[in-house]
Amino acid sequence: MPTPDGGIGLGRQLAARLSPLAPAIALFIAVVPPALYLVLESRALHRTETLYARELSERLNAIVLGDPTLWKYGVQKHQQILNDFLPYKEIATIRVLDQDGRPIAGLDYGRQAATHAWWTRLATAASAPIVFNNRVLGTVRVEISRWPTLVTTLTLLLVCAAMGAGLATLVYRYPVAVVIKMENRIEELIENVRRTNTELEGRVRETETLLEITRATSSTLDEQELFSILARGAARACGVDRCTIFLADESRQSVIPVISQLADGRADSGMWDFFKTLTKLDVSAFPLMARERFLEGQPLVVPDAAADAVLPRGLAELSKIKSLMIVPLIRQGIVVGALLLDHVLARHNFSPGQVRMAMTIAGQAGLAIENAHLFTEADSQATDLKAKNAELDSFVYSVSHDLKAPLVTIQGMAGVLIEDFAPQLPPKGRHYVERIQANARQMERLILDLLALSRIGREARACEPVHQAELIDEVLAGFAEPIGARGIKVSQRDLGTLWAIRIQLEQVFGNLVGNAIKYLGDAPSPTVEIGSVDRGAFVECYVTDNGIGIDPAYHDKIFEIFQRLKEVEAPGTGVGLAIVKKIVEGAGGRIWVESAPGRGATFRFTWPKPPREERS
Amino acid sequence: VTQPRSVTILLVEDNPDHAELTLRALKNGNVLNEVFWVKDGAEALAFLEHRGPYADPDTAPRPGLILLDLNLPKVDGHEVLRRIKTDDALRTIPVVMLTTSARDDEVLECYKAGANSYMSKPVRFEDFMERVRTIKFYWLLTSLPTDST
């Protein structure tokens with residue numbers, strides 16, 4: 001369980017438990033063995049005293065037997081008995097009392113019992129009776145000295161106290177020491193885990209940031225939005241207050257700040273207000289070190305911005321940067337800009353991890369910015385292309401229109417020439433004028449086709465449901481003459497309704513049917529079939545013939561403007577299929593041809609169905 | 001007895017060749033009405049509103065029919081048509097637009113702006129007569145019987 005001071009406190013807990021136990025152990029060890037010794041020794045001494053008392057009483061009995069009345073007075077005999085009895089015995093006192101309890105002086109040995117100290121009470125002197133004829137004539141009391149026992153006990157007490165204290169200390173100290181050691185180890189482990197965790201969290205954050213940046217790369221191709229995500233992500237991931245992105249110009253002579261953001265996602269208005277006034281920041285304005293690092297594509301880490309001036313003066317004063325790190329943005333090995341990561345509130349050191357992170361983000365950012373850049377470029381190219389196409393269309397339109405005026409004159413004048421001067425003209429002259437008229441007509445068709453081509457996509461008309469069968473009938477009516485003359489068998493199959501600008505669809509079918517008829521060749525039983533197949537999201541229409549066919553080499557070319565098959569001398573402008581293609585593709589469809597020389601041709605095009613809401 | 005002056009026709013055409021062809025078509029069709037020819041939109045408006053050199057109604061009488069080319073310098077045909085058709089004094093004059101292309105959107109626009117008819121150039125007499133009939137102008141025509149009719 002973690003304690004407030006961060007450690008788990010096992011040592012202290014154990015110490016608290018052990019602190020009453022240790023003195024108890026010490027006390028126990030100090031007291032119990034001496035006490036035990038004292039008691040046992042006292043009892044042993046008492047037993048010995050009893051034995052001695054009995055032995056002495058037996059010896060005295062012998063005297064009593066000899067002289068039952070005067071035994072008390074045989075001093076010599078008493079002395080002899082004592083002399084025989086005493087040696088080799090640690091006897092402290094001997095008292096022999098008569099039946100009246102009076103001591104017999106000759107048998108007294110040692111000091112008076114009355115003077116005995118308190119401890120003699122532990123074992124009162126042992127006594128044995130002197131018996132004659134079943135009468136107790138006296139009592140023998142023997143006492144062994146307690147002093148040695150007491151001294152031993154005290155010594156033992158001291159020794160045990162010392163041992164107890166030592167053991168108690170050991171009991172207290174050792175487990176606590178072991179636990180504290182373990183605890184330290186555990187704390188170390190915990191610290192390791194915590195550090196690993198922090199590191200992992202950092203990595204996760206790094207990965208998340210990179211992921212976010214990667215996601216941003218794919219989710220937005222808007223440069224400004226991308227810069228914002230990059231700056232915010234970099235500031236957060238690197239644990240700095242603010243991130244500013246600079247982009248370099250192609251010569252790398254200057255950089256332009258594109259965004260300045262705080263880690264919490266807010267734009268740094270102070271910095272930005274300043275940046276907005278900048279169109280560029282000359283690289284030469286940076287001190288040498290920063291400049292070199294930047295141009296070499298190396299990161300520059302400055303923990304104390306005040307000590308190392310690495311920013312141009314104006315910028316340094318305004319930015320209030322305490323610590324900073326400049327990491328180059330590299331795209332395809334070329335420095336294209338830089339990330340300026342800084343601390344504004346307080347000075348910080350940058351860990352290698354932070355620098356690595358910043359470098360990684362910068363690498364990712366370089367890629368992301370390149371993507372956005374490419375997209376912007378592609379987008380503007382697409383816009384350019386669109387504009388160019390529109391321009392081309394309007395050019396074609398105005399040229400066609402302008403060509404029309406002289407053509408009108410040519411046609412008119414040629415007509416007048418024939419009308420007014422036909423009689424004067426020789427046949428050759430008339431032929432020439434007719435050729436002029438024929439070519440003027442061809443030119444007129446060409447101009448009308450070009451106008452039609454340029455108008456596709458600028459049609460102001462709306463889509464409407466067009467019944468194909470009805471439309472095809474109208475188209476075929478226009479070709480009634482060649483159909484009749486050649487005996488062409490025309491069939492229709494599965495024609496439905498298309499959602500289209502009617503006149504455009506008419507142009508499509510008109511051109512395709514016209515081509516089919518035009519290129520029938522000498523087929524013995526010429527046929528043309530017009531039909532459609534429902535393909536789900538779109539309708540596939542086809543116009544097929546059994547005419548001369550088209551070499552696959554020309555299958556793409558025929559849809560280009562002014563590309564005509566040279567095999568037959570057929571009238572045409574070479575614009576028809578270009579018009580068809582432009583109309584079909586403008587409607588969202590596709591057109592192609594399936595054909596081989598001598599095997600007829602099938603033109604197929606797809607036509608999208610309208611969105612559901614428009615069908616009703 | 002002074003014969004009343006015949007109804008005049010105003011031709012607005014910048015291309016002299018086209019003008020020549022148109023005038024010739026009318027002449028060959030024996031249309032004897034006096035035809036005034038102006039070369040651009042501004043001049044046409046000056047003629048109709050009696051401004052500048054056309055201040056005298058004698059030299060610039062109110063026409064009975066206007067043949068108006070669409071593509072004109074200065075003020076284009078559409079604008080001239082709009083001015084005619086928004087002018088109370090002029091809007092009853094039938095206007096036939098002349099175009100080099102029979103673009104249906106242009107034609108539609110002209111009709112919307114109040115044009116009475118239109119013709120593709122070069123102007124042929126047959127086309128002219130057909131338009132004149134459609135707009136019921138034929139009774140104002142001063143013509144000699146032609147060989148064909």
Side-chain angles (χ1 to χ4, degrees), chain A residues 393-394 396-423 433 436-437 439-441 443-462 464 474 478 501-507 510 573 575 579, chain B residues 11-31 37 39-41 67-74 76-78 96-113 118-129 146-149:
Chain A
D393 276 351
S394 90
V396 168
Y397 174 77
S398 60
V399 164
S400 309
H401 219 279
D402 290 350
L403 285 176
K404 206 62 209 293
L407 186 64
V408 162
T409 307
I410 293 169
Q411 285 175 318
M413 294 299 180
V416 169
L417 193 58
I418 292 284
E419 266 179 59
D420 292 1
F421 301 100
V433 178
I436 290 173
Q437 284 181 314
N439 278 279
R441 270 196 301 280
M443 192 171 170
E444 187 183 4
R445 271 197 298 274
L446 190 58
I447 288 169
L448 286 174
D449 277 355
L450 283 175
L451 279 170
L453 185 68
S454 75
R455 251 197 334 264
I456 299 163
R458 287 188 296 165
E459 206 72 57
R461 287 154 198 274
E464 56 182 317
E474 280 171 34
I501 297 170
R502 190 186 169 88
I503 191 164
Q504 287 193 341
L505 207 57
E506 197 179 319
Q507 276 175 305
T573 59
V575 185
I579 289 175
Chain B
L11 171 65
V12 189
E13 173 63 84
D14 65 309
N15 187 319
D17 290 340
H18 294 182
E20 188 184 341
L21 287 166
T22 305
L23 291 172
R24 182 191 165 277
L26 296 180
K27 203 177 108 195
N28 278 17
N30 280 331
V31 173
W37 172 35
K39 292 185 174 180
D40 61 57
L67 300 177
L68 177 60
D69 187 26
L70 260 185
N71 292 293
L72 292 172
K74 294 179 190 170
D76 82 350
H78 295 284
V96 174
M97 305 300 293
L98 304 178
T99 70
T100 50
S101 65
R103 277 189 53 188
D104 43 11
D105 53 339
E106 256 182 22
V107 171
L108 196 71
E109 207 181 314
C110 291
Y111 276 124
K112 272 186 192 162
Y118 83 96
M119 274 192 283
S120 296
K121 293 196 283 187
V123 173
R124 294 180 309 135
F125 180 67
E126 293 77 24
D127 291 339
F128 175 74
M129 283 312 291
T146 57
D147 297 337
S148 55
T149 46

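A, B, ... follow the sequence lines: proteins, then strands. Residue 1 opens every chain.
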Fill in: Which portion of B:R24 sits near chain A, non-hydrogen atoms under 4.5 angstrom
side chain
Item to complete: Taking all heavy atoms of B:N15 and all of A:A405, pick out the closest pair and write down the distance.
Response: ND2-CB, 4.2 Å
Discussion item. To the closest 0.5 Å, what do you measure between NZ (B:K121) and NZ (A:K404)?
Written reply: 9.5 Å
Item to complete: Count the heavy atoms belonging to other residues, nucleotides or ligands that lie under 6.0 Å from OH of B:Y111, then report whether that count exceeds 12.
Response: yes
Worksheet, complete the sentence: Scored by heavy-atom pairs under 4.5 Å with chain B, the best of A:E419, A:M413, A:Q411 is A:M413
Practice prompt. List the atom of B:L21, the atom of A:V408, and the distance in Å for their closest heavy-atom pair.
Written response: CD1-O, 4.1 Å
Worksheet item: Looking at CG of B:N28 and CG of A:D420, how far apart are the two atoms once the value is rounded to the nearest 0.5 Å?
Response: 6.0 Å
